[in-house]
Amino acid sequence: MNSKDGMRYMELVDVYEKLDSTTKRLEKTTILADFFRKIGGEDPELLPVVTLLSLGRVFPTWSEEELGIASKLLMNAMALVAGVRPEDVEDMMRDAGDIGTAAELLLGKKKQATFFTVPLTIQKVHSNLMKIADISGNRSQYKKMEILRELFSSASPEEAKYITRTVLEELRVGVGEGTIKDAIAEAFSVEKGVVERAHMLTNDLGLVSEVAKEEGVEGLKKLSLKPGKPVKPMLAQLSPGIRESVEEMGWALCETKYDGIRVQIHRSGDEVNIFTRRLENISNAVPEIIEYIEEALPHEDFIVEGEIIVTKDGKPISFQYILQRVRRKYEIEKMREQVPLKLYLFDVLYYHGPQIDTPFEDRRKILESMVDVMEDKLQLSNQVKATPEDIWRAEDLFTESLKGGHEGIMIKDPHAPYMPGIRGKKMLKRKAEPETLDLVVVGGTYGKGKRAHFIGSYLLAVQDENNELKTIAHAATGLDDQMLLELSEMVEPLITKKTGRRVEIVPSIILEIAYSEIVKSPEYESGYSLRFPVVKRVREDISIEDIDTVERVESMFKDVQTL
DNA sequence: TCTGATGCGTC
DNA sequence: GTCGGAC
DNA sequence: GTCCGACGACGCATCAGA
């Protein structure tokens, strides 16, 4: 290590390799903690950067910066550097099962011809990646690739492996935020709870590690909630059953679960901002929501949360519509007419100071005191109180919710504080039982990582009135290791064609697929597709003539719409 | 100027 | 979003 | 219980290239 030029990227790569070589969380934590401590001692300015890079990120969570490079562009850049065709890279990637490993192999060959290189530093890698995010406009893809090319040309094969994975933000060394938090706590001898809280409130583990080292517990405790700065929303777990969940809480506040977009709304002085679950600012896309807030809530600093849905004649309509609104930049006024929004508020995080430690029961009361309801535009979530004795209140809410075209119910612990970014048992969700269809496998796509040498996703079809097969969805989740293997073995002899990572398969294997909802599809031959498809089992007991039909799908889709 | 591929966010 | 695997 | 990483559909923005 050279103190003038900063620490070499290779040192970080060694850490990645060590992390990858164990599956034990405690070991990973110690590896990271040791490294953080080392950086803290030798090159403290690098600590926030290294913390982010260890997570496989270039920017902190709250940042709106993005690289605009994913697998395809990256493959092109790799092809350029290695002097091969992009298709060769794709083949290699399929065989290696991972773009990082493919990069390592490709550059390994190339490197033998290279004479010498200037060693990469962590700083250099990070600053070049940050530069990529700033490039836009004409020839931007080319310029981005030039930066990658420069990095690759001075990278060792092993370094290239992790640069590619970092660009894709998929480091895949088994380290996520939980492990990083533990490591920061261990490295700088602060309590884990304090690290956790600081992270909740800032969404910036780089900052947290820096403060932990420089100012310790005192510094971390000073970080706090501020209107204008979004925090990660508290998340819900699946409820195993309404009664069981309510009993476990003692009593519960149950609310309709609306099928829309979760938003966190901040008022800071004169400014109102609306953030999504991943902390993206969508204020410009939903001007009417800002207006409703101006009208219905106090002109004081606050943070509230709710769900935005689309309604027609006061009734909720398909989730697909709201996707037309969230990230829109153009023709906003026009869409505002066509796709009207409604906001249901259900929580408050800040009002006359932080309220996240206030029990939910009381937060709700505060929220109620803040809001002047606007019919059809802004309301509080529909809420009932349920105890084990009158569990029917919750059960009725559930059936009413589904009948009304909503998604189910939330079951909330009245005593719980608001825990940003935590998915715990203080807030549960209960949705309708999924439906199932019997579909035939007509193709597939090879997977990555764990699924590198399997078909990681199956293309499925229904039959039409002429017994022709029409595609309707891909399914990948729901397969355990054993089924993954068995299916691969069944499918292998049926493959008729391979193009890149995709294969075509003689139709014969039938899968039972669960799904939450049928949706209109611009992509699949049947004109429909499935929301949240899950593989349940292989149907060896029926034959291909028995699979479900386009007609059936169509009739079920209409049922859903007319609810 | 238009279209398809790609990226990236929502669920 | 769902799910399975590892701890 | 918790964390992590496999993977699903859709729609808008952006950019390359016809």
Side-chain angles (χ1 to χ4, degrees), chain A residues 22-28 55-56 64 66-76 97 135-144 168-182 235-238 258-263 276-280 282 285 307-309 318-332 335 339 407 422-425 429 431 434 445 447-452 454-460 472-484 513-524 528-536:
Chain A
T22 173
T23 54
K24 295 192 174 63
R25 281 237 303 144
L26 289 176
E27 264 179 51
K28 288 181 196 280
L55 253 178
E64 308 241 321
E66 50 198 34
L67 296 181
I69 294 180
S71 55
K72 301 285 176 167
L73 290 180
L74 195 56
M75 283 194 300
N76 288 345
I135 300 171
S136 68
N138 208 284
R139 312 233 328 133
S140 62
Q141 294 190 343
Y142 175 79
K143 291 178 200 156
K144 288 179 180 189
L168 294 183
E169 304 209 311
E170 3 166 281
L171 207 49
R172 279 217 331 270
V173 291
V175 169
E177 290 183 344
T179 314
I180 299 280
K181 282 185 273 190
D182 289 350
L235 303 171
Q237 255 179 19
L238 280 178
Y258 302 97
D259 188 12
I261 302 284
R262 175 95 175 257
V263 286
T276 61
R277 202 178 131 177
R278 289 198 197 171
L279 315 185
E280 184 139 319
I282 56 160
E307 188 93 0
I308 299 178
I309 65 165
S318 171
F319 172 79
Q320 283 177 283
Y321 288 98
I322 202 169
L323 296 176
Q324 300 179 1
R325 294 289 315 266
V326 257
R327 304 188 75 204
R328 178 172 289 280
K329 280 186 156 180
Y330 309 104
E331 299 196 294
I332 289 168
M335 290 310 280
V339 182
E407 215 183 359
I422 303 292
R423 189 189 296 278
K425 56 181 193 306
K429 56 181 168 183
K431 299 166 66 159
T445 310
K448 300 187 211 178
K450 289 191 283 208
R451 299 207 175 166
F454 302 104
I455 291 181
S457 171
Y458 288 93
L459 178 60
L460 303 156
I472 185 166
H474 286 88
T477 191
L479 298 163
D480 59 22
D481 286 357
Q482 195 196 339
M483 228 203 296
L484 204 59
I513 303 294
Y515 63 93
S516 74
E517 193 184 350
I518 292 167
V519 295
K520 271 264 180 227
S521 172
E523 191 60 33
Y524 288 96
Y528 296 95
S529 191
L530 307 178
R531 194 175 181 195
F532 312 144
V534 175
V535 180
K536 298 315 277 189

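Numbered from 1 within each chain, the chains take letters A, B, ... in sequence-line order. In this text, all values refer to a predicted model and were calculated from it rather than measured experimentally.
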From Arg327(A) atom CZ to Lys329(A) atom NZ, the distance as rounded to the nearest 0.5 Å: 9.0 Å
Reported CG-to-CD distance for the pair Asp259(A) and Glu517(A), which is rounded to 0.5 angstrom: 6.5 Å
Nucleotides bounding contact with chain A, strand DNA chain B, heavy-atom threshold 4.0 Å: dT6(B) to dC11(B)
Atom-to-atom span, NZ of Lys448(A) to P of dG5(D) - whole angstrom: 13 Å
Separation of atom CD in Glu517(A) from atom P in dG1(C), rounded to whole Å: 14 Å
Contact under 4.0 Å: Gln320(A) side-chain N or O vs dG11(D) OP1/OP2: yes
Flag if over 12 foreign heavy atoms under 6.0 Å of CZ, Arg423(A): yes
Protein-to-nucleotide contact annotation, 5' to 3' order, nucleotides 2-7 of chain C [B base; S sugar-phosphate only; - none; under 4.0 Å, heavy atom]: BSBSSS
d(CZ, Phe319(A); C1', dG1(C)) in whole Å: 9 Å
Interatomic distance, Tyr458(A) OH vs dG8(D) P [rounded to whole Å]: 13 Å
Sugar-phosphate, base or nothing in reach of Val263(A), heavy atoms under 4.0 Å: nothing
Atom pair OG (Ser516(A)) and NZ (Lys431(A)), whose distance is rounded to the nearest 0.5 Å: 6.0 Å
List, with names and distances, any nitrogen or oxygen atoms from the protein found under 3.5 Å away from nitrogen or oxygen atoms belonging to nucleotides 13-17 of chain D.
residue, atom, partner, partner atom, Å
dA13(D), OP1, Lys329(A), N, 2.2
dA13(D), OP1, Tyr330(A), N, 3.1
dT14(D), OP1, Lys329(A), NZ, 2.8
dT14(D), OP2, Tyr330(A), OH, 2.8
dC15(D), OP1, Gly137(A), N, 2.7
dA16(D), OP1, Arg139(A), N, 3.4
dA16(D), OP1, Ser140(A), N, 3.1
dA16(D), OP1, Gln141(A), N, 3.0
dA16(D), OP2, Arg139(A), N, 3.1

Nearest-0.5 Å distance that lies between atom CZ in Phe319(A) and atom CD1 in Ile261(A): 4.5 Å
Atom pair distance, as rounded to whole Å: CD1 in Ile455(A) and P in dC7(D): 12 Å
Any Glu177(A) side-chain heavy atom under 4.5 Å of Ile180(A) side chain: no
Side-chain touch Met75(A)/Lys72(A), heavy atoms, less than 4.5 angstrom: yes
Sugar-phosphate only, base, or nothing, as touched by Arg278(A) at under 4.0 Å among non-hydrogen atoms: base
Pairwise P distance, dT6(B) and dC3(C) [rounded to whole Å]: 30 Å
Sugar-phosphate, base or nothing in reach of Gln237(A), heavy atoms under 4.0 Å: sugar-phosphate
Val263(A) vs Ile282(A) side-chain heavy atoms within contact, under 4.5 Å: yes
Charged tip of Arg451(A) within 45° of Phe454(A) ring normal and under 6.0 Å: no
Validation row: Val535(A), Ile513(A) side chains within 4.5 angstrom (heavy atoms): yes
Sugar-phosphate, base or nothing in reach of Leu530(A), heavy atoms under 4.0 Å: sugar-phosphate
Sugar-phosphate only, base, or nothing, as touched by Arg325(A) at under 4.0 Å among non-hydrogen atoms: nothing
Whole angstrom value for the distance that separates P of dC12(D) from CD1 of Ile322(A): 12 Å
Distance in angstrom units between Glu407(A) CD and dG1(C) P, rounded: 7 Å
Phosphate contact (dC4(D) OP1 or OP2) by Thr179(A) side-chain N/O below 4.0 Å: yes
Length of the line joining Ile282(A):CD1 and dG11(D):C1', which is rounded to integer Å: 14 Å
Spacing of Thr445(A) atom OG1 and Ile455(A) atom CD1 [to the nearest 0.5 Å]: 8.0 Å
Gln482(A), CD: over 12 other non-hydrogen atoms inside 6.0 angstrom: no
